[in-house]
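Keep in mind it's a predicted model, so treat the numbers as computed, not measured.
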Amino acid sequence: MKISVKIILFVLVILVTIAATEVYQRGQMIDSVHILVRNAAQNPQDTSHFLTEVEILKLVRQDAKIDVNNLKVKEIDTEKIENSIKTNNFVASCQVAVDSKGILHIEVEELKPLARILNKNSANGAYITESGKLIPLSTNFTARVMLLSSQKSNDTELLDTAFWRTPDGKLFINALKEIDKRTFWKAQITQLERDSKGNLIAYPQVGEQLIELGSARNMEDKLTRLKTFYDKIIPIKGWGSYQMVSVRYDNQIVCK
């Protein structure tokens, strides 16, 4: 019986201590703000970001109307802060929490661009993501991704969000993803140019010959045949033997 009483008293003491600690912590002022941005850079060692810590705090202060330096822990609305940060075009996700020391943690993951769309008529362009979302260029950071352009100078279809929602747009994104996921092609193909019929010409990093890909369909097979050109034909014929290599048609490698 005595043991049971001691156990109950011990549990009560713990519960009271926990409750008192929680009350104290909720009455604490926010001690500091720690911001972690998981960048969209292709190179994990690159610490550049689309968004700076100053810009993230500005979103919190202006959009969420929260002055984190003058609030108590209990007054912090973490969901409101998360939602305000998520409104930014560069943000993929955001998590906000306050630890036991009164430190406000803001973790932001940036959207990863798949390619950069060039606008021949102006300096304005955009990035396209794997989900087909267009995001603006940033003065803070330039992602090292493949370039996309149109042969016609007045063609702005690639900068139209509606295009990327169409079957042709989704097919184009799948083709870009096929190139992006292969280390060799991600490094070798620097730019894709699209004509009015949707056919693609690739500009290589190494070599002077243009690469005719045709439509965005069957990109995996086309890249496999193109790799054969680099592995078996170039070593024999040399880099300067052809001006054009085409894998546009099924089961063919045409060198000109």
Side-chain angles (χ1 to χ4, degrees), residues 40-44 46 112-130 132 134 137 142-160 163-164 166-256:
Q42 304 301 301
N43 182 358
D46 194 336
K112 177 186 175 183
L114 187 61
R116 178 178 175 177
I117 303 168
L118 301 177
N119 186 347
K120 292 183 178 180
N121 292 327
S122 71
N124 296 326
Y127 294 108
I128 185 70
T129 69
E130 291 185 355
L134 290 172
L137 303 183
T142 300
R144 297 177 182 176
V145 292
M146 184 168 35
L147 302 177
L148 303 182
S149 61
S150 296
Q151 284 185 345
K152 295 172 63 177
S153 60
N154 60 347
D155 186 0
T156 58
E157 186 175 45
L158 297 180
L159 291 168
D160 185 353
F163 165 74
W164 298 102
T166 65
D168 284 344
K170 292 177 181 179
L171 189 64
F172 197 177
I173 287 177
N174 288 335
L176 294 175
K177 289 163 68 174
E178 286 293 336
I179 295 171
D180 186 71
K181 73 182 183 181
R182 291 169 170 78
T183 303
F184 177 80
W185 294 120
K186 186 175 180 179
Q188 174 65 349
I189 297 179
T190 60
Q191 182 174 346
L192 286 181
E193 189 171 62
R194 183 174 179 268
D195 66 18
S196 59
K197 295 181 180 179
N199 294 314
L200 304 173
I201 293 290
Y203 293 83
Q205 177 72 33
V206 179
E208 297 181 0
Q209 64 278 347
L210 298 182
I211 301 168
E212 187 179 53
L213 295 171
S215 75
R217 297 182 184 279
N218 303 321
M219 190 56 63
E220 182 178 2
D221 174 64
K222 290 176 180 179
L223 293 177
T224 299
R225 282 183 281 131
L226 192 57
K227 191 66 164 62
T228 301
F229 169 77
Y230 281 97
D231 290 344
K232 297 184 178 181
I233 299 177
I234 287 292
I236 296 173
K237 296 293 186 179
W239 286 98
S241 299
Y242 304 105
Q243 295 181 332
M244 170 79 77
V245 56
S246 176
V247 289
R248 177 175 182 173
Y249 301 106
D250 293 345
N251 305 314
Q252 293 184 19
I253 304 173
V254 180
C255 304
K256 304 175 183 178

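In this structure, T190 contributes its side chain and Y203 its backbone to a donor-acceptor pair below 3.5 Å. With hydrogens and angles disregarded, no donor-acceptor distance shorter than 3.5 Å links the side chain of Q151 to the backbone of S196. No donor-acceptor pair closer than 3.5 Å links the side chain of K222 to the backbone N or O of A216. In this structure, the side chain of Y127 does not engage the main chain of V145 through any donor-acceptor pair within 3.5 Å.
Summarising the geometry of V247 relative to L226, their closest heavy-atom pair is CG1-N, 4.0 Å, with the distance given to 0.1 Å. Nearest heavy-atom pair across V245 and C255 is CG2-SG, 4.2 Å. Between G132 and W164 the shortest heavy-atom distance is O-CB, 3.7 Å. Between A143 and P113, the shortest heavy-atom distance links the atoms CB-CG, 3.6 Å. Nearest heavy atoms, L223 versus W185: O-CZ2, 3.5 Å. The heavy-atom pair separating S149 from Q191 by the smallest distance is OG-NE2, 2.8 Å.
Atom-to-atom distance recorded for L213:CG and I179:CD1 is 6.5 Å, nearest 0.5 angstrom. Put simply, CZ on F163 and OG1 on T156 are 11.5 Å apart, with the number rounded to the nearest 0.5 Å. With values rounded to the nearest 0.5 angstrom, D195 atom CG is found 4.5 Å from N199 atom CG. Residue L148 holds its CG atom at 8.5 Å from CD1 of I128, rounded to the nearest 0.5 Å. Summarising the geometry, atom CG belonging to L200 is positioned 9.5 Å from atom CD1 belonging to I189; distances are rounded to the nearest 0.5 Å. I234 CD1 to S241 OG: the interatomic distance, rounded to the nearest 0.5 Å, is 7.0 Å.
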(message) Pair M146, L176 - check side chain to side chain contact (heavy atoms under 4.5 Å, CB included), show working.
(response) CA-CA 9 Å; M146 184 168 35; L176 294 175; 3.6 Å; yes
(request) Given side chain to side chain contact (heavy atoms under 4.5 Å, CB included), test I173 with K170 step by step and report yes or no. (result) CA-CA 5 Å; I173 287 177; K170 292 177 181 179; 5.6 Å; no
(message) One pair to check against side chain to side chain contact (heavy atoms under 4.5 Å, CB included): R182 and E220. What are the steps and the verdict?
(response) CA-CA 10 Å; R182 291 169 170 78; E220 182 178 2; 3.2 Å; yes
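Inter-residue side-chain proximity for L192 and F172 is flagged as met; some heavy-atom pair is nearer than 4.5 Å.
Ion pair R194/E157 flagged as a salt bridge, since at least one NZ, NE, NH1 or NH2 atom sits closer than 4.0 Å to an Asp/Glu carboxylate oxygen.
Aromatic ring orientation, W239 versus Y230: tilted (interplanar angle from 30° to 60°).
Other residues, nucleotides and ligands contribute only 12 or fewer heavy atoms inside 6.0 Å of the NZ atom of K197. At most 12 non-hydrogen atoms from other residues, nucleotides or ligands lie less than 6.0 angstrom from CG of N251.
Cation-pi geometry between K227 and F184 is met: the NZ or CZ atom falls under 6.0 Å from the ring centre, inside 45° of the normal.
Sequence neighbours left out, the pairs with a member in residues 207-219 that pass salt bridge (charged side-chain N to carboxylate O under 4.0 Å, His left out) are E212-R248.
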